[in-house]
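To start, the structure itself, in structure tokens.
All residue numbers in this chain count up from 1 along the given sequence.
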Amino acid sequence: NSPLAVAYNSSQNRIYVVNSSDNTVSVINCTTNLVIATPAVGLVPLYIAYNSAQNRIYVGNNGDDTVSVIDCTTNAVIATILGLSAPYGITYDSIQDKIYVANSGNNTVLVINCTTNLITATIAPFSPVAMPIYVEYNSNQNTVSVTNSTDGRVAIIDCATNTVSSIVTVPLIAGILYGIAYDSVQNGMYVVRNTDNKVSVIYNGDAIAPSSGGLSYTQIVQELSANPIKLIGLSMYDLSGNFNQVMQAWGFFSENPDG
């Protein structure tokens with residue numbers, strides 16, 4: 001029922017699919033391609049992330065302002081995290097075992113400790129009029145990139161300090177930014193622009209923190225012509241011999257195995 005986002009469980013070779021209309025998650029055995037479980041979650045689940053360290057799935061429920069935690073061994077919901085506001089995108093920090101959630105209802109990003117399943121930090125990456133909707137984790141830099149849906153900006157969050165270290169302005173004639181995906185080979189972020197049929201690529205050329213503190217970023221935004229079909233999420237791309245294929249439906253299926 002209205003499948004919207006998927007996540008891959010690399011430990012058990014399973015796919016988890018969010019069904020936004022009936023408030024469930026379908027669990028698919030990748031060997032047989034059969035649905036083996038359908039746990040119920042919160043209202044209007046939108047996006048999903050896999051925690052490889054604890055073998056858990058985190059589901060953002062936009063309709064009741066919660067995050068459901070699924071134990072992948074039993075495929076049962078073991079916790080419901082409260083205190084969110086219209087949660088949208090969700091991603092997993094595999095270095096520090098944390099979940100980052102785009103809290104679109106109050107223009108913040110929330111940080112969840114995966115050991116306690118408690119919210120431990122609130123980050124305000126944009127102005128009060130902005131709306132962060134998608135988040136994606138960069139394992140090379142230990143950062144999270146956040147797309148602002150209203151004015152073409154991407155905030156870079158330093159996960160070590162949970163502060164915004166940089167903001168990139170993506171060339172945007174009109175419309176909003178949608179999905180975002182991470183390329184671990186080239187250390188770049190691919191950002192969907194839904195109205196001018198393009199994908200922008202943000203490269204990070206400096207992985208070393210300067211002596212003055214903070215994370216040093218060299219941003220180069222490259223324009224790419226996209227599929228003539230109007231983009232909502234990132235489709236399949238083989239950008240060159242040096243790039244991975246990146247697949248992302250509505251912004252939340254990436255080649256990052258950790259969420």
Test your reading of the model: is there a side-chain donor-acceptor pair from [X] to the backbone of [Y], 3.5 Å cut-off?
X: N103; Y: S85; value: yes
X: S104; Y: M131; value: no
X: K98; Y: C159; value: yes
X: R14; Y: I36; value: no
X: N23; Y: V44; value: yes
X: S166; Y: I156; value: no

So how far is it from [X] [atom1] to [Y] [atom2], rounded to the nearest 0.5 Å?
X: T147; Y: I180; atom1: OG1; atom2: CD1; result: 6.0 Å
X: S20; Y: L43; atom1: OG; atom2: CG; result: 12.0 Å
X: T38; Y: D22; atom1: OG1; atom2: CG; result: 8.0 Å
X: I28; Y: N13; atom1: CD1; atom2: CG; result: 11.5 Å
X: Y8; Y: C30; atom1: OH; atom2: SG; result: 5.5 Å
X: Y58; Y: I90; atom1: OH; atom2: CD1; result: 8.5 Å

Compute whether any side-chain donor of one residue and acceptor of the other, for [X] and [Y], lie under 3.5 angstrom apart.
X: T24; Y: N19; answer: yes
X: Y50; Y: S10; answer: no
X: T66; Y: N61; answer: yes

Testing the basics here: between [X] and [Y], what is the closest heavy-atom pair and its distance to 0.1 Å?
X: V77; Y: A40; answer: CG2-O, 3.3 Å
X: Y92; Y: A53; answer: OH-CB, 3.3 Å
X: Y137; Y: T91; answer: N-OG1, 3.2 Å
X: D64; Y: G42; answer: OD2-CA, 3.4 Å
X: T161; Y: T163; answer: OG1-OG1, 2.7 Å
X: S52; Y: S11; answer: O-OG, 4.5 Å

Check your understanding: Among I70, I99, N117, which one satisfies side chain to side chain contact (heavy atoms under 4.5 Å, CB included) with R56?
Key ->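 Running side chain to side chain contact (heavy atoms under 4.5 Å, CB included) over I70, I99, N117 with R56 returns exactly one hit, N117.
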Practice item. Let me see the working for D93 and V144 under side-chain contact (heavy atoms from CB on, under 4.5 Å), right down to the final yes or no. Key: CA-CA 8 Å; D93 171 357; V144 166; 5.5 Å; no
Taking a hydrophobic cluster as the set of Ile, Leu, Val, Met, Phe, Trp and Tyr residues connected by side-chain heavy atoms closer than 4.5 Å, whether directly or through intermediates, do [X] and [Y] fall within one such cluster?
X: L118; Y: V109; answer: no
X: Y100; Y: I95; answer: yes
X: V35; Y: I15; answer: yes

Check your understanding: Is the closest side-chain heavy-atom distance between S165 and I157 below 4.5 Å?
Key ->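 Side chain of S165 against side chain of I157, heavy atoms only: no contact under 4.5 Å found.
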Check your understanding: Given V18 and L46, is the side-chain contact (heavy atoms from CB on, under 4.5 Å) satisfied, shown in steps?
Key -> CA-CA 7 Å; V18 167; L46 292 184; 5.8 Å; no
Point to revise | Derivation and outcome, side-chain contact (heavy atoms from CB on, under 4.5 Å), residues N9 and I57 | key: CA-CA 8 Å; N9 175 342; I57 287 287; 5.5 Å; no
Check your understanding: Between Y47 and Y88, does the ring centre distance come in under 6.0 Å?
Key ->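 Yes, the ring centres sit under 6.0 Å apart.
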